[in-house]
Every structure is written in structure tokens, then in C-alpha cells.
2 protein chains.
Amino acid sequence: MTDVVRKDVQKKLLSGDYGCAKELTLSMFSGKWKIVILYHLGKDGIYRFGELKKLLPHASNKVLTQQLRELEEDELITRTLYPEVPVRVDYEITALGQTLLPIIDLMFEWGTNRLKQLKHVAPRNINEEAIKKKR
Amino acid sequence: MTDVVRKDVQKKLLSGDYGCAKELTLSMFSGKWKIVILYHLGKDGIYRFGELKKLLPHASNKVLTQQLRELEEDELITRTLYPEVPVRVDYEITALGQTLLPIIDLMFEWGTNRLKQLKHVAPRNINEEAIKKKR
DNA sequence: CGGTATCCTTTAGGATACTG
DNA sequence: CAGTATCCTAAAGGATACCG
């Protein structure tokens, strides 16, 4: 899921149902590349489309564009087009987007600690879990 | 998306690729009802399956069970079965799961603030955005 | 360069009926 | 009571080709 949540939240907003604050926040990240995009824009400043593509070589044109458009809709990033030849497009994080950075940092921290733990229980355990999943 | 991320992270763990700490954390929440489940278990203590169902009336049996199983796999909650008649099953958050609560709290806080802002820009704006999306 | 357009696959999520 | 089992659909994500 992920964008199930996003659409759900949007629907609730439209119908005047202003509950589910956590879900609203979660829906900001939900999308395969959104966290990473926000992270880099928050950390390094401005990126051009092509630069983001290099950063995320596994993201297809379509999906990357889609994620950027949604982040823009959510007012977390801005898109600036310079009508030069060839065209240039800059993506930058907004003030609102920056307010998400502390959360992303916490997530990074938690994930890092958890990865350390998972290494200690030895890779074999992880494999066993994976096998268990296949049943 | 959402569990795209979860499976992605699991794959990376298996192949020894221990990057993507943020994604690991995100994958803990990704799933339509996971945050809410963690939130309630973290706040109120133990819940039985039926109680969770009442709390989440829109979740189907299948999906709710699935989310609980994944949370258990990720070691965020425990499942305890009491072989009484009729059977009883308790769900409880683990110590690891509790370490996610600060993040969830932050998400709740961010979402609440954002909802306030969105109310102030007036519902009409939101409708315009929604219309824009339909193109 | 920064995308669209098109087509395709996968899978998350859901409705309903049934069971130990 | 606490789930499985089955079937279904919507939509997220991806590959590739083309465009202003």
C-alpha cells in the first residue's frame, strides 16, 4: 500500500473528515522514492531532474516524475522550469517540506540501530525468516 | 505502494545490502492499518483480535490478520493464543515496537499541525486541488 | 534535457463464505 | 472467537519508445 493511504486521506479531507493525523503524515512519504528524494533535497539543496535520476538509477522516468509531482502537490517541494535550450528544471524543498526532516532523521536513526541488531542475530536467522515467509 | 518498500528492504537484507535505513523504518508502518494498530497497542496495552476489529471496522478479516502477522514477523508485536473455548488471542506491543512510538508521536504532531493549516486555507482550495488531479 | 505516452505485471487491499 | 480460503479489482510500479 502507501498511496492507498494518500488517496484515503485526500478523500477524507474533501469530505470534511479531519481525523487521522498520523495517516496524513505517513501519506507524505508513501511512494517508493519519496523519502529519499526529500532526504536529499533537504540535505543537499537544489537538484535537477537528471541529477535525481542518477541518484535513483532504479526509478523509471514515469515513476520518478509521478513522485515529484505528488510531492509538489503536497507542497513539500517546488519545481522551477527555466525555459533555456535545452530546458532546465530545478527541484527544491519547501519550508513545509523541511518540517518533515526531523521525522526522517528519526527514521534514519531507528533504521540504523535496527540494522545493527539484525546483523548481530546473524544472517542465518534472516534466511530462516525468509523461508518461513514462503510457506 | 508501501509494501513494495517492505519487500524491497527484505530482499536487500537477504542479499547483504544493509543500506536504506530510512526505508527499513518506513516499511515497519507501511500497510494500511499498521500505524493505527501500533498506536493503540502502544497507548492502551493489550488488545484482542475482536477488539481491534471494532477499533478498525473498515478493515476486513483478511487484511487485518495480514497486518498483524507482518507486525509480528517484524517483531513489533506479540501474539498470544489461549486455548480456551472459545479461543482467545492477545496482541501486545514489544519493547522494539515501543521504540517506534516516538516517531509515531512526531507524525501525529506534524499531521495535526498540517491539518490546522489546511483548514485555514479554506476547503475551496482543497477542492480545486482535487479537480486539478482529475485531469 | 526533462519529461509523456503506452502497455504490461504485480500486489495490496477488499467482500464474502466457511471453519476449528 | 479468531481467524482461513477464495475470488476479485484497482492501482502502484516498471519497461520502452517517443517528443518539444
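Below, chains carry the letters A, B, ... as their sequence lines are ordered, and counting in each starts from 1.
- For the pair A/Y47 OH and C/dG2 C1', the computed distance is 18 Å after rounding to whole Å.
- Listed by residue number, A/R79, A/P86 are the residues of residues 76-86 of chain A with a heavy-atom contact under 4.0 Å to DNA chain C.
- The side chain to side chain donor-acceptor pair (under 3.5 Å) search around B/T99 returns A/W110, not counting sequence neighbours.
- Residues in residues 96-114 of chain A take part in these salt bridge (Lys or Arg N to Asp or Glu O under 4.0 Å) pairs, two or more places apart or across chains: A/R114-B/E75.
- Side-chain contact between B/V89 and B/T80: absent, with no pair of heavy atoms (C-beta onward) separated by less than 4.5 Å.
- With sequence neighbours excluded, no residue forms a side chain to side chain donor-acceptor pair (under 3.5 Å) with A/Y39.
- At least one donor-acceptor pair under 3.5 Å links the side chain of A/T25 to the backbone N or O of B/M107.
- Listed by first then second residue, pairs satisfying side chain to side chain donor-acceptor pair (under 3.5 Å) with a partner in residues 57-67 of chain B read B/K53-B/N61, not counting sequence neighbours.
- B/E70 comes within 4.0 angstrom of no nucleic acid atom, judged by non-hydrogen atoms across all strands.
- For A/R88, the side chain to side chain donor-acceptor pair (under 3.5 Å) partners are A/E84, A/D90, not counting sequence neighbours.
- Contact check, B/R69 against D/dG3: a side-chain N or O comes under 4.0 Å of OP1 or OP2.
- For B/Y47, the side-chain contact (heavy atoms from CB on, under 4.5 Å) test picks out B/H40, B/L41, B/D44, B/E51, B/L52, B/L55, with sequence neighbours left out.
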Which parts of nucleotides 14-20 of chain D does protein reach within less than 4.0 Å, heavy atoms only, written one letter per nucleotide 5' to 3' as B for base, S for sugar-phosphate only and - for none? BB-B---
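- From B/I77, atom CD1 reaches atom CD1 of B/I93 across 8.5 Å, with rounding to the nearest 0.5 Å.
- Close to D/dA2, at under 4.0 Å from its OP1 or OP2, lies no side-chain N or O of B/R88.
- The strand DNA chain C forms stems, runs of 3 or more Watson-Crick or G-U wobble pairs with distances below 3.5 Å, at C:1-20 with D:1-20.
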